[in-house]
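Values below: every heavy atom of this structure, side chains too, minus hydrogens, waters and symmetry copies.
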Amino acid sequence: MSGTGKLNHIRNIGFMAHIDAGKTTLTERILYYTGRTHKIGEVDDGEAVMDWMPQEQERGITITSAVTNCQWNNYDIHLIDTPGHVDFTIEVGRSLRVLDGVVALFCAVGGVEPQSETVWYQADKYRVPRIAYINKMDRIGADLFGTIEMMKEKLGARPVLLQLPLGQEDTFRGVIDLIGMKCIVWDQETYGATFVEQEIPEELLLNAREYREKIIEAIAEKDDVIADKYLSGNAIGEKEIIQALRKATIDLTLIPVLCGAALRNKCIQPLLDAIINFLPSPLDIPPISGINPKTGNRESRESSPDGHLAALAFKVAVHEGRNLIYLRIYSGKITVGEEIYNSSKGIKERISRIFLMHANKRERISSAQAGDIVATLGLKDTFTGNTLCSEKHPIILEPIEFYRPVMTVAVEPKTKVDQEKIDSALKKLSEEDPTFHVIFDEESGQTILSGMGELHLEILTNRLSREFNCQVTVGKPQVVYKETISSTVEVEEKFEKEINGTVHCGQVRLRLEPAERGEGIHFVSRLTDELLADDYVKAIEDGIREATLGGVLSGYPVVDLKATLIGAQHTEKMSSELGYKIAASMAFKKGCFMASPILLEPIMKVDVVIPEDNTGEIIGDLNARGGKVEEITAKGKIIILAALVPLKQMFGYSTDIRSATQGRGTFTMQFSHYDRAR
């Protein structure tokens with residue numbers, strides 16, 4: 001098969017969803033039906049192939065994104081199963097950055113849940129085409145049409161239903177295929193591997209025709225040829241519908257929707273067909289673009305094995321003490337032993353091994369090319385977000401954005417031996433996970449770990465003991481605060497000192513003003529080039545930004561502030577960049593003291609699912625925690641509360657809510673914004 005032909009038969013896809021929507025369960029069925037595995041691994045039994053970490057098997061959740069590959073109808077599917085828990089959103093974000101298409105899973109009972117919204121908007125950001133799979137149609141309370149309405153309301157999506165369910169809840173047995181106009185019923189004795197196609201029953205035929213008409217109406221709005229045929233009353237065939245719907249899906253204007261019950265082994269094969277039919281190949285997406293570091297110009301790379309190399313490192317994993325670097329190759333090819341260029345760092349690296357991954361299992365290959373997702377060994381200084389390319393034709397691709405940690409814990413090694421090992425272990429873990437930060441506190445002698453939440457930090461400290469044999473004492477989680485100012489001030493400072501035989505001088509006048517929440521630090525200079533050279537202005541800005549790293553109240557970072565340079569004194573032969581930088585830092589610190597500094601705390605968006613009998617008690621508890629209930633939604637005898645609550649009040653909430661609801665209440669939490677601490 002030619003390079004173009006091979007690329008046309010590749011699908012780089014992933015699964016994304018709220019926690020417990022069934023992503024890993026679905027992945028296990030796909031691997032079984034495509035012949036990649038010979039046994040269906042169950043999440044609840046701790047036997048899922050994709051959940052290979054001990055922490056995943058114990059908790060029954062996905063913690064790290066796992067890469068695998070399989071074949072369906074002569075198409076290569078490279079598949080990434082991502083976590084659903086909000087603490088591990090980075091795994092979803094960096095996977096979406098390198099995927100061509102996504103299957104968004106929704107629980108037919110829960111509908112569009114909070115983390116579903118988060119990952120959906122991440123996919124919007126990277127413009128990733130999607131199809132939707134509404135899972136758990138066999139569950140009590142399953143509501144296919146309610147979930148579709150939620151997709152419209154909460155996600156702003158334009159869903160197009162391709163299947164109708166045969167039966168509902170415990171009688172769900174198959175689907176009506178609206179494009180092919182046939183029933184598909186699965187055989188449970190073969191674990192869903194076989195199915196039969198039947199005529200649509202007479203009593204369901206009229207309804208099926210109506211919904212097929214809706215598919216044609218939707219694609220007719222996007223396709224002139226289909227519109228002409230539709231208005232002329234001409235028949236529109238299956239292939240025409242699939243081609244038009246494929247184009248609309250790749251253009252991000254329509255979302256094909258399928259339904260099923262993965263745990264009951266129903267409706268997996270049509271999903272595989274939909275992945276092939278509607279999601280893009282590497283040839284269907286726009287060429288990747290980036291900046292040429294030599295010229296500063298934007299350049300693009302076509303998806304071709306014959307083009308100049310362009311690959312993105314999107315994940316680092318520690319395997320047997322060595323960094324395994326996951327790459328998405330957009331253009332060109334790589335071979336074992338080849339020297340390649342890390343343009344993000346300006347260094348050369350040599351590839352010692354290349355692997356096709358199947359969760360934590362590795363298959364050695366000698367080369368990989370455009371369209372492939374592989375793992376490599378030998379890249380010692382390459383990390384998440386780095387670009388690999390040809391040194392003669394360099395390019396730097398758009399890096400991956402990371403979330404900032406909102407919670408910390410202090411750890412102390414139990415023995416001297418542990419102290420020697422802990423630094424190396426933490427370095428490897430932070431290289432794996434860009435949302436995990438490590439700081440050594442000189443005053444307390446403690447190592448401070450920062451992460452995205454309680455579970456995130458619990459998993460990381462657990463890995464310290466299990467994988468690296470480091471025994472540590474873990475303190476209570478702490479909130480990561482920030483500082484800002486609440487009034488406007490003008491302040492002037494002068495620095496003059498002899499350093500290494502040279503006098504350095506600088507004098508600046510600043511105006512500090514509060515900014516809106518989330519705006520960060522904004523620097524403006526009112527001075528012209530004639531009054532102060534650009535190099536000095538840049539030094540002043542650097543001094544201010546460095547000073548924001550530690551505030552005047554408790555040493556937390558300063559945010560949401562506008563600093564304006566309104567004056568500067570220049571002393572001939574004495575003024576220097578260092579002098580201005582230090583003067584600016586001094587002025588900033590002094591100004592913050594004068595401008596009524598305040599502490600900001602992280603506020604979390606909390607969604608609580610409880611029985612209606614517990615509504616009053618739980619609302620009262622959230623209010624007592626300083627929370628504000630913003631929305632109450634009733635779904636049968638279940639109540640969903642959406643609230644904003646300070647993070648410091650949410651420690652241990654999982655235990656409290658289970659106790660208050662006899663184990664029937666659950667909640668999810670994600671960062672919303674910073675606000676004034678109470």
Side-chain angles (χ1 to χ4, degrees), residues 46 51-65 83 85-91 315-324 360 380-381 383-384 402-481 549-550 554-557 601-602 647-656 658-659 669:
D51 285 349
W52 57 270
M53 292 175 64
Q55 293 89 345
E56 293 176 317
Q57 294 165 354
E58 290 167 0
R59 291 168 174 80
I61 63 170
T62 301
I63 292 170
T64 183
S65 54
H85 196 285
V86 67
D87 281 15
F88 308 105
T89 304
I90 176 61
E91 292 288 341
K315 179 179 170 69
V316 178
V318 178
H319 276 250
E320 299 171 357
R322 301 176 68 187
N323 281 356
L324 196 61
N360 63 328
K380 297 178 181 178
D381 296 305
F383 300 108
T384 302
F402 306 126
Y403 294 88
R404 291 186 175 275
V406 296
M407 191 176 291
T408 66
V409 293
V411 297
E412 294 179 342
K414 290 185 176 180
T415 68
K416 277 191 175 181
V417 176
D418 291 318
Q419 177 67 64
E420 294 169 2
K421 293 188 293 185
I422 191 171
D423 292 340
S424 173
L426 290 174
K427 182 175 183 290
K428 289 183 180 296
L429 289 175
S430 60
E431 287 172 355
E432 269 195 15
D433 185 349
T435 61
F436 172 51
H437 294 182
V438 181
I439 299 173
F440 183 74
D441 188 333
E442 297 283 355
E443 292 183 9
S444 67
Q446 293 178 317
T447 300
I448 309 299
L449 313 183
S450 303
M452 300 303 296
E454 282 184 278
L455 180 60
H456 187 205
L457 292 170
E458 181 188 331
I459 295 295
L460 288 165
T461 52
N462 183 275
R463 290 184 64 189
L464 277 177
S465 60
R466 276 192 168 174
E467 294 178 31
F468 300 96
N469 198 27
C470 297
Q471 301 305 314
V472 294
T473 302
V474 183
K476 289 184 178 180
Q478 302 290 322
V479 172
V480 177
Y481 291 92
L549 299 177
S554 303
Y556 293 109
E601 64 180 341
L647 174 59
K648 67 183 178 186
Q649 300 292 346
M650 292 303 294
F651 293 127
Y653 187 61
S654 56
T655 302
D656 294 342
R658 287 192 199 107
S659 175
M669 179 173 73

Below 4.5 Å, heavy atoms only, C-beta onward: do R463 and L429 meet side chain to side chain?
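A side-chain contact under 4.5 Å exists here.
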Do L449 and V438 have side chains that approach each other closer than 4.5 Å (heavy atoms only, starting at C-beta)?
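Heavy-atom side-chain distance check passes, below 4.5 Å.
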Between S659 (side chain only) and D656 (backbone N and O only), is there a donor and an acceptor less than 3.5 Å apart?
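Checked: no pair found.
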Trace of the side chain to side chain contact (heavy atoms under 4.5 Å, CB included) decision for T473 with K414
CA-CA 6 Å; T473 302; K414 290 185 176 180; 3.8 Å; yes
Taking all non-hydrogen atoms of both residues, which atom of T384 and which atom of K315 are closest, and how far apart?
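Closest pair (atom of T384, atom of K315, distance): OG1-CA, 4.0 Å.
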Does the pair I422 and V411 meet the rule for a side chain to side chain contact (heavy atoms under 4.5 Å, CB included), with working shown?
CA-CA 10 Å; I422 191 171; V411 297; 4.2 Å; yes
Carefully, step by step, assess T447 and L426 under the rule side chain to side chain contact (heavy atoms under 4.5 Å, CB included).
CA-CA 10 Å; T447 300; L426 290 174; 3.6 Å; yes
Please list, chain by chain and in numerical order, all residues satisfying ring pair (Phe, Tyr, Trp, His ring centres under 6.0 Å) with F383, sequence neighbours excluded.
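With sequence neighbours excluded, F383 shows a ring pair (Phe, Tyr, Trp, His ring centres under 6.0 Å) to no residue whatsoever.
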To check you understand the geometry: which heavy-atom pair defines the closest contact between E431 and N323, and what is its length?
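That closest heavy-atom pairing would be OE1-ND2, 2.9 Å.
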Is a side-chain donor or acceptor of K421 paired with a backbone partner of N469 at a separation under 3.5 angstrom?
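At least one qualifying donor-acceptor pair exists.
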For the residue pair V480 and P602, what are the closest heavy atoms and their distance?
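Shortest heavy-atom contact: O-CD, 3.5 Å.
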Under the rule for side chain to side chain donor-acceptor pair (under 3.5 Å), what residues qualify as partners of D381, not counting sequence neighbours?
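Listed in chain order: nothing, the list is empty.
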Pair Y481-K648, side chain to side chain contact (heavy atoms under 4.5 Å, CB included): steps then yes or no:
CA-CA 10 Å; Y481 291 92; K648 67 183 178 186; 3.6 Å; yes
Identify the heavy atoms of L464 and A425 that sit nearest to each other, and give their distance.
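Heavy atoms of L464 and A425 come nearest at CD2-CB, 3.7 Å.
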